[in-house]
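All remarks here apply to the structure that follows.
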Amino acid sequence: MVAGELIQEHVRADTGAAPDHNSPPISRKSPTEPPSAQTGTEARIADTETHPDPGERHGEPEAEADEREAMLPSGAGSKSPNNLGEDQDGPRYLETKLYPRRFAVLAVFCLYSMVNAFQWIQYSIITSIFTHFYGVTNANIDWLSIIYMVAYVPLIFPATWLLDRRGLRLTALLGSGLNCAGAWLKCASVSPDLFWVTFTAQSICSVAQVFILGLPSRIASVWFGPREVSTACATAVLGNQLGTAIGFLLPPVLVPNTPDDPELTAYNVSIMFYGTAALSTALFLFALIVVKDQPVKPPSQAQAVLSGPLPEDYSYRKSIYNLFRNKAFLLLLISYGIMTGSFYSVSTLLNQMIMEYYKGQELNAGRIGLTLVVAGMVGSILCGLWLDHTKTYKMTTLIVYVLSFVGMVVFTFTLNLNNIYLVFVTAGILGFFMTGYLPLGFEFGVEITYPESEGTSSGLLNAFAQIFGIIFTLIQGRLTTDFGPLSGNLFLCAWMILGIILTALIKSELKRNNVNMGVESKERELLPVESPAEEKSNDGTIPASFSFSRETSI
């Protein structure tokens with residue numbers, strides 16, 4: 001859980017704004033430059049502007065392909081670049097290709113993301129054991145989870161800047177390496193008077209998370225084709241969910257409640273910590289070998305359009321500014337933050353909620369958390385497959401949001417019925433939709449902000465999720481302690497209603513999908529490049545004379 005950097009001056013970030021058809025063609029050349037100085041590529045663009053296709057009806061701009069048209073095999077956006085003319089004066093094409101290495105990159109990322117998520121939840125699911133072992137309060141153990149959210153907010157901007165400037169490989173190695181370092185430091189904290197050491201180690205792991213959570217959409221876009229990109233993103237997010245699931249399951253098994261034998265507790269905790277550190281080390285070595293910035297040839301037309309070096313006048317701050325001017329993305333930021341923050345809060349406080357009504361059920365509390373997340377993993381994959389098939393991003397996101405709210409209401413009012421097996425069922429329903437929503441938000445964000453960087457849009461979505469997660473966890477935790485789980489869960493339900501309303505207001509424009517299907521958006525200008533590729537390919541091509549600049553491969 002990344003789309004390329006856009007030359008900001010040439011893109012309208014506010015999707016609600018009407019395009020200016022009276023503006024002159026945009027070029028990298030100075031407006032005072034004489035026509036004779038134009039390159040052949042620029043001349044062809046100028047000629048196209050002056051002599052439009054005789055088949056076009058003047059004064060009637062081509063309509064953007066929306067979600068309904070994207071579902072039709074012969075609807076808007078069904079034009080193929082292969083149908084374009086290829087005479088001597090016509091455009092040349094960039095070759096696209098899918099590499100088997102993409103599966104190895106995805107697998108390694110999923111695994112070290114899994115370990116990082118495991119370390120996030122491994123304390124809170126056995127809160128009562130750690131409070132007794134370290135001699136601290138529930139709030140202190142809660143902060144071992146909250147620190148993940150706190151660290152993310154200030155560090156997301158330098159992390160996404162690094163991803164855009166230095167590429168996927170360095171970012172992935174930082175995430176995996178810091179995760180490994182934090183895991184080994186925890187091994188030195190297995191003593192009742194060393195809570196500060198385990199907190200420091202968890203803080204390092206939380207920094208590692210900053211270099212992990214924003215990568216799913218980047219890996220999917222850079223390595224996978226248009227018919228598998230949503231599924232790949234969902235699979236990448238699944239790794240983090242799997243780690244949370246294992247974090248719910250294993251700690252209660254590895255560290256059973258033995259309050260009368262602190263030495264046995266210390267031994268069990270050390271087994272868990274050393275095992276995590278060994279696995280983290282192996283995955284860091286695999287990441288060092290497998291992960292690369294990007295394939296030699298782009299996997300899709302949308303990615304080919306974004307290929308190329310960053311322009312000299314590129315501004316990261318301008319990219320952030322443009323995203324915040326995008327009204328649809330702002331609505332998604334808040335609604336995604338509410339949903340994901342609610343999930344973080346429920347996951348962190350699940351043990352306390354279960355213990356309130358089912359005393360001595362630490363093991364079942366972990367199993368309920370496992371049920372919640374595993375059901376969400378299934379939901380994530382099914383949602384990814386559905387998006388790849390239909391491209392109905394807004395409709396799917398809204399339906400899943402509503403069903404998540406229904407699941408939260410059902411979970412809230414069945415928690416105190418003294419039937420723990422019913423809690424398993426309702427938690428599974430809640431997890432299927434709430435956790436399944438996570439990759440939907442990533443992919444929807446990439447669509448409505450394309451061709452902005454997927455790393456930047458995903459990073460901002462995660463930042464808002466962390467902010468809401470901190471606020472919700474602190475407030476729900478206090479409400480749960482003072483008034484019981486019912487009031488805390490109703491607090492989340494009220495916020496989720498607001499999230500549904502905001503999601504319904506989002507204007508859906510499938511910008512990335514339009515490019516992959518051959519539709520030129522009237523709200524962005526295609527930029528000439530100086531050195532078009534000479535190759536042609538039958539397995540997926542796009543005119544080389546048009547490009548959005550992005551990053552330099554390493």
Side-chain angles (χ1 to χ4, degrees), residues 111-112 114-148 179-206 208-209 240-284 347-356 358-374 420:
L111 289 173
Y112 76 73
M114 174 193 73
V115 175
N116 183 259
F118 172 83
Q119 296 196 82
W120 166 58
I121 207 69
Q122 68 181 157
Y123 293 98
S124 61
I125 198 58
I126 49 175
T127 298
S128 57
I129 296 174
F130 276 111
T131 54
H132 186 270
F133 179 74
Y134 284 115
V136 295
T137 65
N138 284 352
N140 293 127
I141 301 301
D142 288 345
W143 270 100
L144 290 174
S145 295
I146 295 173
I147 189 62
Y148 264 60
N179 191 58
C180 177
W184 279 110
L185 184 58
K186 286 181 183 181
C187 298
S189 69
V190 187
S191 177
D193 59 339
L194 293 179
F195 177 78
W196 68 272
V197 177
T198 209
F199 188 87
T200 303
Q202 188 75 337
S203 300
I204 295 174
C205 293
S206 70
Q209 177 212 215
N240 200 266
Q241 297 170 1
L242 180 60
T244 304
I246 297 174
F248 281 125
L249 177 65
L250 277 188
V253 175
L254 296 175
V255 189
N257 194 3
T258 56
D260 298 329
D261 193 346
E263 291 185 1
L264 180 58
T265 300
Y267 174 78
N268 292 330
V269 170
S270 66
I271 291 296
M272 180 172 67
F273 285 169
Y274 275 103
T276 305
L279 182 57
S280 299
T281 303
L283 291 173
F284 172 69
S347 300
T348 302
L349 301 172
L350 183 63
N351 177 271
Q352 297 176 40
M353 286 189 278
I354 301 299
M355 292 299 101
E356 178 73 19
Y358 304 93
K359 302 297 183 182
Q361 294 285 344
E362 289 91 355
L363 191 58
N364 273 330
R367 290 169 177 169
I368 290 171
L370 174 68
T371 302
L372 184 146
V373 178
V374 169
I420 198 166

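In what follows, residues are counted from 1 in the order of the sequence shown.
- Across every non-hydrogen atom of Cys205 and Gln119, the tightest pair is SG-OE1, 3.5 Å.
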Could you walk me through whether Tyr148 and Gln202 pass the side chain to side chain contact (heavy atoms under 4.5 Å, CB included) check?
CA-CA 8 Å; Tyr148 264 60; Gln202 188 75 337; 3.6 Å; yes
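- The backbone N or O of Thr258 lies less than 3.5 Å from a partner atom in the side chain of Thr265, making a donor-acceptor pair.
- Side-chain contact check for Asn116 versus Tyr112: every heavy-atom pair is 4.5 Å or farther apart.
- A donor-acceptor contact closer than 3.5 angstrom is absent between the side chains of Gln352 and Asn138.
- Distance alone, capped at 3.5 Å, places no donor-acceptor pair between the Asn351 side chain and the Ala365 backbone.
- With hydrogens and angles left out, the side-chain atoms of Ser347 and Trp120 include no donor and acceptor closer than 3.5 Å.
- With values rounded to the nearest 0.5 angstrom, Asn179 atom CG is found 10.5 Å from Ser206 atom OG.
- Smallest separation of non-hydrogen atoms from Val115 and Ser280: CG1-OG, 3.2 Å.
- Closest of all the heavy-atom pairs between Ile147 and Ser203 is CG1-OG, 3.8 Å.
- A side-chain donor-acceptor contact under 3.5 Å links Thr244 to the backbone of Asn240.
- Separation of atoms CG (Leu349) and CE (Met355) is listed at 13.0 Å; rounding is to 0.5 Å.
- Taking CE of Met114 as the start and CG of Leu279 as the end, the distance is 5.5 Å to the nearest 0.5 Å.
- Two residues are said to be in side-chain contact when any heavy atoms from C-beta on lie closer than 4.5 Å; Phe133 and Phe195 fail this criterion.
- The nearest pair of heavy atoms linking Thr281 to Cys180 is OG1-SG, 3.3 Å.
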Test side chain to side chain contact (heavy atoms under 4.5 Å, CB included) on Trp143 and Phe199 and set out the steps.
CA-CA 9 Å; Trp143 270 100; Phe199 188 87; 4.2 Å; yes
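- Summarising the geometry, atom CG belonging to Asp142 is positioned 7.5 Å from atom OG belonging to Ser124; distances are rounded to the nearest 0.5 Å.
- When atom types are taken as modelled, the side chain of Asn364 and the backbone of Arg367 share no donor-acceptor pair closer than 3.5 angstrom.
- Sequence neighbours left out, the pairs with a member in residues 126-137 that pass side-chain hydrogen bond (donor to acceptor under 3.5 Å, both in side chains) are Thr137-Asn140.
- When every heavy atom of Ala183 is checked against every heavy atom of Ala277, the shortest pair comes out as CB-CA, 3.7 Å.
- Counting only heavy atoms from C-beta outward, the side chains of Ile420 and Ile368 approach each other to under 4.5 Å.
- No donor-acceptor distance shorter than 3.5 angstrom exists from the side chain of Gln241 to the backbone of Val373, with no hydrogens or angles considered.
- Expressed to the nearest 0.5 Å, how far CG of Leu185 lies from OG1 of Thr198 amounts to 8.0 Å.
- Surrounding OH of Tyr274 are at most 12 heavy atoms belonging to other residues, nucleotides or ligands under 6.0 Å away.
- The side chain to side chain donor-acceptor pair (under 3.5 Å) search around Asp193 returns Ser191, not counting sequence neighbours.
- For the atom pair Tyr123 OH and Ile141 CD1, the distance stands at 8.5 Å (nearest 0.5 Å).
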Could you list the donor-acceptor pairs under 3.5 angstrom formed by side chains in residues 245-254, with sequence neighbours left out?
none

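- By the 4.5 Å heavy-atom criterion applied to side chains, Phe118 and Leu242 are not counted as neighbours.
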